[in-house]
Amino acid sequence: MKIKFNLNGKNVELEAPAEKKALDILKELHINSVRKGCDEEGKCGNCSILLDGKLVNSCLLIAPQINGKNITTVEALSKGGKLHKIQQAFIDAGIVQCGYCTPAQILAVKALLDEVKKPSRQQINDALSGVLCRCTGYKQIYNALDIITKGKKPKDFTREYKKDYRVVGKITEKIDALQMVKAENSYVEDYVAPDALHIYVLGSPYPHAEIISIDTSGAEKMEGVEYILTHKNSPKTWYTQAGQSYPEPSPYDQQVINAKMRFIGDRVAAVAATSLELAKKAALKIKVRYKVLKPVFSIEEASAPGAPVIHDRDAKKLDPLDVGAIPKKNIICRNSGGIGDMDKGFKKAAVIAEAACSTPPVQHTPMEPHTAYAYMKNGRLIIHTSVQTPFHVRRIVANILGLAENKVRVIKEKVGGGFGAKQDCGVEDLVGTIAYQSGRPVYYRISRKDEFTIRTRPAMFMTVKAGADKSGKLTALSIKTKIDSGGYGPHALTVPMNGCSKTLPLFTCENMSYEVAAYYTNNIVSGAYQGYGVPQTNFTVHIVLAQLAQKLGMKFEDFLSKNLVTKGYRIDILKQLGEGREGLAQKLSSCGLQECIKQGLKKYNTWTNKKSSLGDDIVQGKGMAVMMQGSGIPGLDAANAMVKMISDGTFMLYIGGADLGTGEDTVAAKIAAEELGVNQEQIAVTAADTDTTPFDKGSYASSGTFFTGNAAYVAARNMKKLIIQSAANILKLKPSQVKIMPVGKVGTKSKNMTFKELALATQAGDGAGQLISSGAFTTQKSPIPYAAHFCQVSVNKRTGMVKVDKYHALHDCGVPINPDLAKGQVYGGVLKTIGHTLYEGMEFDKGGKCLTDTFTDYPIQNINDMPEDFEVELIEVADSITPYVGKSIGELACDGASACISVAINNACGIWMKHWPFRPEKILKELDGNGARG
Amino acid sequence: MEYFVPLSLNRAEKLKKKLKGSFYLAGGTMLNWRGAPQAKALIDLKELNTQEIEASKNKIIIGAGVTIQELALSKKVPPEIAKAAGTFTSINVRNIATVGGAAASGFFISSLLPVFAAYEAEVEYYLSGKKKSSPLAAWLKSKKGIVCAVTIKKSARKVAFTEDKIAASDFPAIVTALGIDLHGGKIANAVVAVSGAKGPLAVSEKASQYLNGLKPSAVDTCKLCAAALKDIPAAANVKVSARVKQRMIESHLASLLRKLL
Ligand SMILES: Cc1cc2nc3c(=O)[nH]c(=O)nc-3n(C[C@H](O)[C@H](O)[C@H](O)COP(=O)(O)OP(=O)(O)OC[C@H]3O[C@@H](n4cnc5c(N)ncnc54)[C@H](O)[C@@H]3O)c2cc1C
Ligand code: FES
Ligand code: FES
């Protein structure tokens with residue numbers, strides 16, 4: 001049918017089938033801002049448009065429903081290079097993280113402000129209720145509204161740090177926020193050429209099976225089907241998809257397409273065709289005969305004598321590190337160790353407590369699903385992808401295809417949320433192989449349904465036992481963890497090991513032990529998730545410690561304070577916790593934990609709990625938790641940077657680090673600007689392109705700010721030396737006399753030159769050449785970030801519903817380099833973890849099929865889920881490692897919510913919730929057992 | 001897929017009869033959900049002039065084409081109806097979804113139907129060439145014809161509702177509404193309506209029988225809950241067990257009684 005509509009002020013007339021979605025029509029008109037986050041479920045709102053001024057989901061409308069209408073998208077808001085005030089306010093308030101949801105949020109605010117001049121909190125919540133964001137925790141949206149409607153300034157919400165610095169610690173614009181608020185080309189989907197083939201993956205219907213035969217001839221005959229990959233023509237290289245530094249502590253247990261299926265959805269075949277619909281139709285024509293094998297769905301089944309063997313490979317021959325694998329027993333890895341003498345420790349204890357807790361698989365749900373686009377150019381394989389680890393991806397893909405690494409280029413585009421989901425080479429292996437073998441450009445966007453099952457956080461089972469003497473001093477602490485890694489083993493050791501290496505070192509206890517093991521099952525594959533195994537383990541540790549405090553009749557905060565590490569403490573247990581290698585014991589160079597607790601308690605101590613009264617089922621309780629993470633892995637991680645002075649005296653900064661929206665590029669730019677005596681605007685960043693930027697291990701393990709930031713620092717420091725040397729030569733001064741004078745000058749008070757003059761002079765025909773510096777950052781020490789979280793919850797004893805009323809998070813993040821973005825990450829991490837704790841959790845039927853692979857069955861938080869009183873405070877703590885020690889933020893933010901919510905629930909009604917998620921039925925069961933339901 | 005915009009109810013009905021596998025299209029939030037509509041043909045009701053809310057002396061007529069958001073903002077409908085409309089998952093959906101669609105969609109949960117039922121709403125519909133009217137709960141059993149409007153009598157009826165959601169972006173787990181008249185200090189025409197227990201609407205006869213004729217001060221919450229739960233069996237879903245749903249109904253009824261009596 002013919003439809004006409006007005007799009008952003010221009011009349012459009014086109015032919016479209018009646019059933020065509022407005023979303024697809026707009027995409028074809030190059031409207032980037034409509035983003036498909038939930039595959040047309042109407043839930044994510046990332047595809048929002050204004051239809052005659054009203055906010056609607058373009059995925060829920062078909063062609064005739066936009067006929068004759070006015071459509072406004074974010075693309076129309078900025079005029080002549082000037083941003084709309086809402087776009088500017090989003091940047092100023094530091095709301096923009098990955099930016100995938102940002103255009104929709106901006107439109108939601110526009111629709112609201114077009115109706116109401118000074119909206120209330122309730123009106124704001126309602127207006128934003130339909131746009132899901134997994135990064136920001138929503139809180140700073142109120143700040144943007146206050147900037148617009150009350151003339152407030154960013155500094156009214158976020159304090160600035162580091163008085164003696166000009167750029168670091170100050171509120172500045174996120175370096176890439178502009179392109180997000182304008183919806184310029186940013187994500188992989190924005191760059192796909194019209195002739196690209198689309199991939200559909202045929203997944204295994206069986207959790208455990210061997211392919212006996214596969215016949216693709218029917219599919220191949222279909223016009224438009226260009227290539228089909230099956231185990232027959234798949235490369236035979238064994239590898240791990242885990243995006244970790246080589247040699248990885250993950251097993252080499254897969255090929256691009258295996259002949260054996262190990263979970264429902266495992267790749268059977270991948271069809272590349274001229275459209276996704278066609279690829280899907282063709283995939284259904286593929287005839288496969290399976291030998292169905294007995295599946296195992298739990299660790300108990302997997303470790304039972306005579307259990308079906310899921311992988312029978314020779315681990316010693318294939319795996320890059322010996323992590324204790326026994327594939328024949330379905331064991332992926334094992335590790336154990338400790339310090340002191342556990343028997344002695346428990347003997348010394350006046351009280352002992354023990355808890356066995358479990359957590360189910362949970363999903364990262366980045367708003368942008370995994371996407372990659374690959375093609376061949378001049379004999380090289382080029383991959384544009386949404387990934388956290390471009391350099392690892394280059395190494396893995398080159399290895400799979402038997403290519404030299406310089407024949408593969410990986411370009412990380414903007415990533416619409418990662419959270420660990422995109423740490424792995426989860427789609428690039430397939431896309432790269434098809435592009436290489438077919439010679440055609442190919443694009444793969446995983447469906448939301450598949451996104452749910454491509455990678456999850458593993459199901460984890462923790463047993464923690466601890467003892468304390470009469471004074472409340474811990475005498476022994478042991479952690480035993482098992483994880484169900486599913487059909488393959490990426491990160492199978494890292495997840496449980498982190499659970500131990502980021503909890504045990506919180507305490508000064510002299511006797512500590514750990515034991516971890518990971519198992520193959522025929523469940524979906526697990527991997528990294530923001531926090532690795534720390535949120536789960538820290539939750540279990542807190543239950544046990546809170547029980548000890550209760551047994552001793554001590555306040556929990558007093559008990560904790562007696563046992564926590566302080567600055568200068570030597571953490572010996574870290575030597576043991578090295579993931580298949582020896583770890584590094586570390587003397588604490590800084591620790592802001594006590595300050596976080598002290599500040600947090602000030603407010604926490606004023607919160608009073610409402611107790612149940614007649615006819616009212618609701619009781620309140622409060623709890624607190626402490627936590628730590630790392631800032632990358634010392635002795636293993638590495639980052640590099642390069643700085644070029646260009647001819648007007650401004651700089652290009654090249655970093656390998658992969659910004660996931662968390663602001664890594666901005667951190668690097670700020671540090672470089674501070675060091676070079678210029679403003680942030682004088683630094684432009686090119687990042688995460690394996691051809692043009694230097695090596696960086698990628699964004700995971702909380703390493704971005706510390707590693708990439710400090711690589712930028714070293715490169716800038718080296719550039720500073722070059723500037724001083726060159727200026728001294730030109731100005732005929734001694735280098736020792738010459739100083740950099742902000743902004744953008746060098747020399748002495750009386751004899752100096754601008755950077756522009758210096759650049760022109762060095763780059764002239766008779767000059768010494770362009771100033772180019774590089775910097776590498778590796779370290780044996782990494783600063784440990786700490787935090788204390790406090791919450792108050794309401795429990796409805798009749799229905800089992802739990803609500804978080806108040807949540808305060810105080811973080812020692814070293815030097816808060818980017819304060820507003822840092823706070824935004826904490827809000828986002830906390831809100832997500834509240835979801836994990838209370839209701840998120842993947843469910844499977846008896847045959848291993850996922851029952852929660854949509855946002856209807858697996859709801860995530862919207863703005864109305866925010867605690868009424870939700871505060872984040874950053875505590876500045878100096879550390880001697882470098883002048884710019886920004887400790888990590890993002891992962892740590894996830895480590896406390898379930899711990900402090902479980903303590904608070906106990907405080908409210910006396911029950912211990914030991915198994916995530918604390919859905920109402922589980923609460924009722926505990927209340928029944930406890931006789932606590934009044 | 002074929003697409004039609006009939007200009008009369010009669011024409012719409014004829015088209016529907018003629019085109020096998022066709023559907024009436026209102027806002028499309030259900031028909032266009034999760035991919036392209038699975039229909040042979042769509043018969044768009046947009047020209048059938050049902051997009052108004054009319055309030056006369058005795059009744060309020062809510063046109064089937066009124067969007068849920070228009071209902072949420074309307075001053076013409078009782079505040080409790082506007083409030084119920086406002087609890088719909090998100091404004092993005094409310095701006096498109098319609099009252100007619102809410103009545104006819106048969107979706108597993110409804111934010112509106114219990115409140116409509118508590119107001120003893122009627123459905124005006126067009127069937128076999130005629131406009132007809134039927135009590136909501138009765139019409140829902142057959143769901144025949146084209147919904148033209150939902151009507152509510154203007155009266156001093158007291159109605160309240162409440163709901164529980166696992167997460168704010170989720171569909172409600174349970175919506176419970178209670179409607180009563182007070183005649184001579186006694187409860188009359190009581191309606192206890194629940195959505196989500198098992199299907200979009202369940203109305204408890206036993207709860208009405210229990211309440212009718214009682215003085216408000218004589219109502220025993222436990223007895224009311226017991227009566228309601230006898231009529232309204234709850235079925236578990238992946239997030240909420242049957243027991244939790246029952247407890248939600250109990251909790252809702254207790255708070256609704258506190259609110260209304
Ligand atoms: C993301 C999302 C969130 C939702 N949240 C909620 C919620 O919180 N609460 C809630 O109650 N519902 C919710 N719904 C359900 C849905 O939006 C409602 O049922 C809605 O009112 C349907 O209206 P519509 O106009 O979009 O219907 P349509 O999709 O156009 O039609 C739905 C069905 O009703 C029929 N129909 C429509 N109008 C008429 C008519 N006048 N006469 C006869 N048949 C008709 C159609 O043929 C079709 O079978 C949600 C849906 C989505 C997608
Ligand atoms: S894709 Fe439209 S709401 Fe998610
Ligand atoms: S910033 Fe909202 S989804 Fe990432």
Side-chain angles (χ1 to χ4, degrees), chain A residues 1 17-21 39-45 48 51 54-57 59-65 104 108 111-112 125-132 615 617 796 798-801 835 838-840 843 851-852 854-866 919-921 923-924, chain B residues 1-5 25 27-39 41-42 44 46 67 69 72-73 86 88-97 164-171 173-174 221 236-252 254-255 257-258:
Chain A
M1 66 184 290
E19 66 273 21
K20 189 159 184 169
K21 291 291 178 78
D39 288 9
E40 306 172 19
E41 226 189 312
K43 285 280 188 180
C44 74
S48 291
L51 188 72
K54 303 254 183 290
L55 189 75
V56 298
N57 294 330
C59 72
L60 291 181
L61 298 170
I62 52 171
Q65 291 179 293
L112 171 68
N125 283 5
D126 191 48
L128 272 299
S129 59
V131 185
L132 296 182
D617 297 315
N796 186 325
R798 189 186 292 267
T799 62
M801 294 281 284
L838 297 183
Y839 47 83
E840 289 185 37
E843 307 265 346
L851 300 171
T852 49
T854 64
F855 280 130
T856 298
D857 297 314
Y858 189 101
I860 62 166
Q861 302 71 55
N862 77 12
I863 191 168
N864 289 296
D865 286 298
M866 239 195 316
R919 288 201 190 129
E921 179 57 36
I923 297 269
L924 292 184
Chain B
M1 189 188 76
E2 288 185 285
Y3 171 77
F4 300 89
V5 189
L25 171 71
T29 58
M30 292 319 309
L31 287 169
N32 304 339
W33 196 41
R34 296 179 173 168
Q38 300 299 308
L42 285 182
D44 198 331
K46 68 180 178 185
T67 66
Q69 179 64 0
L73 297 176
F88 244 66
T89 313
S90 73
I91 194 165
N92 303 43
V93 175
R94 296 203 302 265
N95 276 331
I96 338 177
D164 262 311
K165 281 180 181 179
I166 292 293
S169 71
D170 198 8
F171 300 107
I174 290 287
T221 312
N237 65 28
V238 75
K239 290 165 282 186
V240 197
S241 67
R243 167 162 83 146
V244 167
K245 286 188 176 178
Q246 287 177 351
R247 290 282 177 81
M248 285 173 173
I249 297 169
E250 285 175 12
S251 165
H252 292 175
S255 82
L257 285 175
R258 277 201 300 277

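Proteins get letters first, then strands, A, B, ... in listed order; numbering begins at 1 in each. Reckoned from all heavy atoms, side chains included, excluding hydrogens, waters and symmetry mates.
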*Partner of Arg94(B) by side chain to side chain contact (heavy atoms under 4.5 Å, CB included), out of Asp126(A), Leu55(A), Val56(A)*: Asp126(A)
Part of [X] within contact of chain B (heavy atom distance under 4.5 Å):
| X | value |
| --- | --- |
| Glu19(A) | both |
| Ala63(A) | neither |
| Pro17(A) | neither |
| Glu41(A) | both |
| Lys21(A) | side chain |
| Asn796(A) | side chain |
| Ile863(A) | neither |
| Thr852(A) | side chain |
| Asp865(A) | both |

*Kindly indicate whether the side chain of Gln69(B), heavy atoms from C-beta on, has any atom under 4.5 Å from the side chain of Lys54(A).*
no
*Measure the shortest side-chain to side-chain distance between Thr854(A) and Arg34(B) over non-hydrogen atoms and say whether it is less than 4.5 angstrom.*
yes
*Arg247(B) and Asp617(A) ion-paired at < 4.0 Å*: no
_Donor-acceptor pair, distance only, cut-off 3.5 Å: does the side chain of Thr799(A) make one with the backbone of Met248(B)?_
no
*Backbone N/O of Asn32(B) and side chain of Glu40(A): donor-acceptor pair under 3.5 Å*: no
*What heavy-atom pair brings Ile166(B) and Tyr839(A) nearest, and what distance separates the two atoms?*
CG2-CB, 3.3 Å
*Atom CG of Leu25(B) and atom CD1 of Ile62(A): how far apart are they, to the nearest 0.5 Å?*
5.5 Å
